[in-house]
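Structure record follows, encoded as structure tokens.
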There are 2 protein chains.
Amino acid sequence: MVGMPTIYDVARHAGVSPATVSRVLNGHEGVDAALTARVRESAATLGYRPNSLARNLRRSTTNLWAVIISDVNNPFFTAVVRGVEDAGQDLGYSVVLCNSDEQPDKEARYVTALLADQISGFIVSPTSRTANIRALVDAGRAVVAIDRRPRGLALDTVLVDNEHGAREATAHLIDQGYERIACITGPSRLSTASQRLRGFRAALRAAGRTPEPELERHADFRERGGYEAMADLAAARPDAVFVANNLMTVGALEFLSDKGIRVPDEVAVVGFDDVPWATFIRPPLSTVTQPTYELGRTAATLLKSRIDDPGRPPTVATLRTELHVRASSRRR
Amino acid sequence: MVGMPTIYDVARHAGVSPATVSRVLNGHEGVDAALTARVRESAATLGYRPNSLARNLRRSTTNLWAVIISDVNNPFFTAVVRGVEDAGQDLGYSVVLCNSDEQPDKEARYVTALLADQISGFIVSPTSRTANIRALVDAGRAVVAIDRRPRGLALDTVLVDNEHGAREATAHLIDQGYERIACITGPSRLSTASQRLRGFRAALRAAGRTPEPELERHADFRERGGYEAMADLAAARPDAVFVANNLMTVGALEFLSDKGIRVPDEVAVVGFDDVPWATFIRPPLSTVTQPTYELGRTAATLLKSRIDDPGRPPTVATLRTELHVRASSRRR
DNA sequence: TCGCAACGAGAAACCGATTTCTCGATAACC
DNA sequence: GGTTATCGAGAAATCGGTTTCTCGTTGCGA
């Protein structure tokens, strides 16, 4: 490896002290204009780039953020990462990606390793065990939670307005004239699942209807669960269904397809979560999309201001969902 | 931030010098057993974790790898990243994710920034302008290219056997009894596109057929290109089509659906690239899947051995694809 | 003209590890 | 018993920046 020039080389070349070079390059005021020019020129000539290890050691911080997500294959999380990464780069940070894979011990290993790395900020997705997040907070690190509010910790958090999204989707189905609207939601212990169910019921009540338990199902947020819940619902003869998560939506569609039940003529479908292939499914799928990219950007913004002002009281940002109506829920 | 204990704290606590602590913790031989035990105990008691900034500054390296990919939303790349990340963690490295977004200047910015960061290894996806990769190599950094062989640079590279994959897919269509088999491939300047076309033709010739230019199309590897190429092909009345990339496959399917052309009864379809939603499309889509996760792991392995032995001659690893036959290409 | 404040820039300390250098003690050999 | 390897462990240098401390100079007011 060719030795890169150091601040001492630049200082010698410009005939000044390393301290002055540092001041010039960091934009500190009160350096003679002539010197400033000489330093800049020398730095450019030598192709000098400050060694960030040394800088960070002295400042005891880094320009690194870590994003700990539970599944790098889930398009929801990758879109978030992309938002964080774009915003981070604008602010001068690089992003380290950590894939906890739903395994608490893997996550814990990351946390201890990253703590030693002087990482300046963390963005953590909800699936984490609270103890791990707490370790970060206790070590005085800047932490932002996304998608779900961590229990018992006052943190900067970026959430999605699940209730509103579910309500809007259900209202749309009512508006289209569907009579027996069902809901498949996730495990009741997950706040996202219960919030979406609450929105579903609220929309029904707002239209003067009464939610019927026989038209509601809890499943596990996975494809198979959606399939089985839909099969189970069939006896109740719904003419529309709101499915509270992307994978379960796929499962429900598979059941309908297997049984030759036409969408939307016999059963209309609206799904929650962005599904990149929503438009490619036949018929194209109506969805409640989450602003994933914006979610990442917002988390980055919050993280930055937390770093700049560690004493600031925690804020919670809630983002709106957007209803995309496609053929799967349109009366013909 | 609560001050974390330093090596000096451990040294004081154990009644030895910092040098000895360093030797013990790095497993250097020839330290008295009693001292070793004292040091270990003190380190554990204080919860000491070496500051990796200081260590890396001294060693002038880091435990960081950078993966520069062109699109973090493309499932192909995220699967690769996941492979790199898993393997990297086993080897003691963290992975910094960089999304060049197909923009050469954004990529260049990353390269200069990362060079200053003493990143120890790079894994770069093909879309990069060669000049950027060359800058990394010239700076003496360990670099592994993935998916495409960079022109004019002898590098460790991990490729996929595109020709074989295309050949197998086409042979399958021939085997199913299709007569007029078409091919939609990518821009001819991209090696992946031309290799897949070559495999397509080879399979035809192996079956005693002659490739017909009117059944071949070049498009841009994007959805719209696939749609238009399929529209253009329709006049030639193919009864099957091999599409050389995931997004174009989606475009082709959309055209067929829009025109009411049934799959596979009127036109059979096989796509190249893993498509996570392949089984959810109706009919389920036959695909040539690439071993994306393995590709990432292999790249990580190569990078590690390059770091350990910088003088080693470059190796090229080529991975096999796998044909998944589903309903879209099965005679009924 | 003198004194003091303000200011600009260099010298040196510092961040927290690793690694070389050095020295004292023990062991081995003649 | 004396001299020389051997070895273990501490002192100090080092990595390459940033930041404090210090000092010489200038400018302004009295």
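Numbered from 1 within each chain, the chains take letters A, B, ... in sequence-line order. From a predicted model like this one, the values you see are computed outputs, not experimental measurements.
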Establish, with yes or no, whether the OP1 or OP2 oxygen of [N] is under 4.0 angstrom from a side-chain nitrogen or oxygen of [X].
X       : N      : answer
A:Arg55 : D:dT18 : yes
A:Ser60 : C:dC15 : no
B:Thr20 : D:dG10 : yes

Practice prompt. Could you tell me whether the side chain of B:Ser305 and the main chain of B:Leu302 form a donor-acceptor pair under 3.5 Å?
Written response: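 Yes; at least one donor-acceptor contact below 3.5 Å.
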Worksheet item: Are the side chain of B:Arg141 and the backbone of B:Leu136 linked by a donor-acceptor contact shorter than 3.5 Å?
Response: no
Response to the item:
Applying side-chain hydrogen bond (donor to acceptor under 3.5 Å, both in side chains) to B:Arg23 and not counting sequence neighbours gives none
Worksheet item: For B:Arg134, what residues pass the side-chain hydrogen bond (donor to acceptor under 3.5 Å, both in side chains) criterion, not counting sequence neighbours?
Response: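 Here no residue qualifies.
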Worksheet item: Between the two end axes of the helix from C:dT1-D:dA30 to C:dC30-D:dG1, each built from 5 base pairs, what angle do you get to the nearest 10°?
Response: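 The angle separating the two end axes equals 50°.
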Could you tell me how far apart [X] ([atom1]) and [N] ([atom2]) are, to the nearest whole angstrom?
X       : N      : atom1 : atom2 : result
B:Tyr8  : C:dC14 : OH    : C1'   : 10 Å
A:Asn56 : C:dA17 : CG    : P     : 15 Å
A:Arg12 : C:dG10 : CZ    : C1'   : 15 Å
B:Leu25 : C:dG16 : CG    : P     : 16 Å
A:Ile7  : C:dA11 : CD1   : P     : 14 Å
B:His28 : C:dT18 : NE2   : P     : 8 Å

Worksheet item: Can you find a heavy atom in the side chain of A:Leu295 that is under 4.5 Å from one in the side chain of A:Val160?
Response: yes
Worksheet item: Want to settle it: does A:Thr6 or B:Asp32 sit nearer the 5' end of DNA chain D, counting the closest nucleotide to each?
Response: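 It is B:Asp32, whose closest nucleotide lies nearer the 5' terminus.
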Worksheet entry | 5' precedence on DNA chain D between B:Ala19 and A:Ala19 (nearest-nucleotide basis) | B:Ala19
Worksheet item: Under 3.5 Å, is there a donor-acceptor pair between the A:Thr192 and A:Arg148 side chains?
Response: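 A:Arg148 and A:Thr192 do not have a side-chain donor-acceptor pair below 3.5 Å.
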Worksheet entry | Pair B:Ser191-B:Arg149, side-chain donor/acceptor within less than 3.5 Å | no
Worksheet entry | base_contact_polar (C:dT18 base, B:Arg59 side chain, donor-acceptor, <3.5 Å) | no
Worksheet item: With distance as the sole criterion, do the side chain of B:Arg23 and the base of D:dG8 form a donor-acceptor contact below 3.5 Å?
Response: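 When only heavy-atom distances are counted, B:Arg23 does not reach the base of D:dG8 through any donor-acceptor pair under 3.5 Å.
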Discussion item. Closest approach to the side chain of A:Arg58, judged atom by atom: which nucleotide of D:dA9, C:dT19, D:dG17 is it?
Written reply: D:dG17
Worksheet entry | Among C:dG16, D:dG17, D:dA9, the nucleotide that comes nearest once only the side chain of B:Ala54 is considered |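 It is C:dG16.
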Worksheet item: Are A:Asn132 and A:Arg109 close enough, and set up right, to give a side-chain hydrogen bond (donor to acceptor under 3.5 Å, both in side chains), and what steps lead you there?
Response: CA-CA 10 Å; A:Asn132 286 327; A:Arg109 256 192 298 154; over 6 Å; no
Fill in: Contacting residues from residues 37-53 of chain A, given that a heavy atom lies under 4.0 angstrom of DNA chain D
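Hits under 4.0 Å, by residue number: A:Tyr48, A:Pro50, A:Asn51.
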Worksheet item: Can you list the residues that meet the salt bridge (charged side-chain N to carboxylate O under 4.0 Å, His left out) rule with B:Lys304, with sequence neighbours excluded?
Response: B:Asp308
Worksheet item: Between A:Leu57 and A:Val16, which has a closest nucleotide on DNA chain C that is more 5'?
Response: A:Val16
Discussion item. Test of understanding: with side chain to side chain contact (heavy atoms under 4.5 Å, CB included), list the residues that count as partners of A:Arg12, not counting sequence neighbours.
Written reply: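 Expected list: A:Tyr8, A:Asp9.
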Worksheet item: NA contact type, A:Val21, heavy-atom cut-off 4.0 Å: base, sugar-phosphate, or nothing?
Response: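 No contact at all - A:Val21 keeps every heavy atom at 4.0 Å or more from the nucleic acid.
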